[in-house]
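First the proteins, then the strands, lettered A, B, ... as listed; each starts at 1.
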Number of protein chains: 2
Amino acid sequence: MSKMPTVKDVAEYAGVSVGTVSRVLSGEAAVKPLLREKVNDAISALGYRPNVTARALRTSRTDVIGLIVPDITNPFFAQLAASVERAALERAHSLMLASSHDDREAEQSHVSAFLHRSVRGIIVVASSDGSGLHLPASVPIISLDRRFGTFPLVSTNHAQAAALIADHLYGLGHRRITYIAGPADTEAGRMRKEGFVGRMEEFGKTGQPVELEIAYGRFDYESGERIARDLLSRPAQDRSTAIAAASDQQAIGALRAARDLKIDVPRKLSVTGFDDISLANLVVPRLTTIRQPADMLARRAVGLLLAEPPGAEDEMVDGSLIVRGSSGPCPQPKADIAGHTN
Amino acid sequence: MSKMPTVKDVAEYAGVSVGTVSRVLSGEAAVKPLLREKVNDAISALGYRPNVTARALRTSRTDVIGLIVPDITNPFFAQLAASVERAALERAHSLMLASSHDDREAEQSHVSAFLHRSVRGIIVVASSDGSGLHLPASVPIISLDRRFGTFPLVSTNHAQAAALIADHLYGLGHRRITYIAGPADTEAGRMRKEGFVGRMEEFGKTGQPVELEIAYGRFDYESGERIARDLLSRPAQDRSTAIAAASDQQAIGALRAARDLKIDVPRKLSVTGFDDISLANLVVPRLTTIRQPADMLARRAVGLLLAEPPGAEDEMVDGSLIVRGSSGPCPQPKADIAGHTN
DNA sequence: CTGAAAGCGCTTACAG
DNA sequence: CTGAAAGCGCTTACAG
């Protein structure tokens, strides 16, 4: 490691100029087969690997992709980060990671830090809508999952996916439903809510009306638990028979509240989530939810970033409904009376 | 961004040489106050920021810390990564992240990729013991949580912490205990087991003997669930009254198995974990576990890495016992008969 | 204490 | 198609 061979060493060994070495390295320029071979022999004989820093200084371009997430500790973002790393690796790029902690200033400063080390491009899962609005982007920037400024967004089709949940709950007979929304200042939060509410309104017109209650929270466990606890403290006849949450974490919080209040899920209450984090399949009961195809999202984001010219169009990927044990038929009024009350 | 000012611009603006600019930048060399002030004025007037790439090329040293974890999707590693990022940021360094997926080759290749981009240092949470043995380290390497090769390790005192769990369960009256161990090819797995078993053997000598059953698995949910399911399928009188797991994930898997088999935790069975991932406080019942001080571990690892000369000694941090609802007094034989059997 | 100059390892017009 | 040379933006002996 202490004395790495350089282009100069390779050139000498191969008996050519450094320019020629560089040309075979790039693969672009035309080089006579004989020389190319000599150079390649020299490269493997010497175990030469190009110095990325020198290359970066010269071209002001690196093979590093910067990723900013609100919080790597959030299981969905962790999954997204893992997928982005894999996708980057597939395309011979490395990953630089930063957390914004849902703070716009931190987010901004991470972006400029990345810009400043001339990363190849930046993928950001925005902390909130307004963030990143006026950025002089010297490298491509792609929004992932949550829109960052006006940069192209790769995300699940939140509205379509949320409508899948609406269909599912309606199909099970639920007519009184609480929707736990995500923050209204995130596009994901709004789109999921609109998709869900919109579909329910359609049902109201074409089928049986649905009584919808909407509560707003953050995407985390605590919000879900708190909101569900409020709701479930009411007598059974005064509350919804289903809770649709905007995130798995909220839904898991709701599950916990139900458990604490001894309300049987799914027999007295259905609960659904959104994301399909790995935990969703481990809670009791296992959570009905929407699977977001993290690998595909990541691959597309990296694809847009690396494309020439970089992609400028949004890309939507469909989510899919995963039915598990936390959702079931709407409880019958009779059963309600027979069942234990609280 | 397109035209960043350089040392040359600053030098011209301040009426000094680039060497002088560089000297005030470094802060090390002595520069006359007057010139220093002129340079600083020029820097702020121009909004100059040094080009990290050029600096790296010249000094073959960057302000990037490379972190390799087995799997960022594992909540404990995510927590560790978040803490390392924070600690790095505190010391004005950035984080490059790579996942080994518990594969030694991938781990190795990430290390050399990092070495190759002359990171400031590398922190690795090893995939397994043997990994990283013979590395010509041109930059400091620190093992975090799990030993990588022979590099200095910063970790929780696994043995001490595991003994805390042993004390706790013994104190609750349990005399028949199953220990779910982590992989024997990880130091963490072995140390935790030894700490636990060692303490139990002490009890055997000084107090009442403990009947100990040991099962080996990986650190994940599935291992815990599978092993617990096997154990709990036996009639109550033929099985342990407590399960101590080597990780929270295993413990949560065990909780799920108990739930499926309708075995009441903690009244019929106590379950304990290790790590205190955020989920530990959300499962039902909440998990008794060992808290690993991720922030402190991270800060120390970064500290060793950045020290001059880099730290060469292992550092141990004590874990602490967090008692929650998943552990309770050993069930009395009478209660066993009265309770529901399976 | 300061300036002029070399050099880190590449890439890329510029000639030929 | 290939070589010689300039230059990316810094830092650091080397003189003075």
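Counting only residues at least two apart or in different chains, salt bridge (charged side-chain N to carboxylate O under 4.0 Å, His left out) contacts with residues 47-66 of chain A comprise A:R61-A:E308, A:D63-B:R117.
The 12-atom threshold is exceeded at CE of A:M316, counting heavy atoms of other residues, nucleotides or ligands nearer than 6.0 Å.
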Subject >> 5'-to-3' dot-bracket of DNA chain C (Watson-Crick, G-U; under 3.5 angstrom; crossing pairs as [ ]; | other strand) >> reply: |||.||||||||.|||
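To the nearest 0.5 angstrom, B:L97 atom CG is 7.0 Å from A:I72 atom CD1. Taken to the nearest 0.5 Å, the CG atom of B:N157 stands 10.5 Å off from the CD atom of B:Q292.
Shown here are the side-chain contact (heavy atoms from CB on, under 4.5 Å) partners of A:R218, two or more places apart in sequence or in another chain: A:D220, A:S223. For B:R300, the salt bridge (charged side-chain N to carboxylate O under 4.0 Å, His left out) partners at least two apart in sequence or on another chain are B:E315. Qualifying ring-ring contact (aromatic ring centres under 6.0 Å, His included) partners for B:F151, counting only residues two or more places apart in sequence or in other chains: B:F148.
The side-chain heavy atoms of A:I43 and A:L25, taken from C-beta on, include a pair separated by under 4.5 Å.
In this entry the distance linking CD of A:E12 with P of D:dA4 reads 12 Å, nearest Å. Atom CG in B:L34 sits about 9 Å away from atom P in C:dT2, given to the nearest Å. Nucleotide C:dG3 holds its C1' atom 11 Å from the CG atom of B:L35, rounded to whole Å.
With C:dG3, D:dA4, C:dC1 as the candidates, the nucleotide lying closest to the side chain of B:S17 is C:dG3.
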**OP:** Can you check each nucleotide of nucleotides 10-16 of chain D against protein heavy atoms at under 4.0 Å and return B for base, S for sugar-phosphate only, - for none, in 5' to 3' order?
**Re:** BBBB---
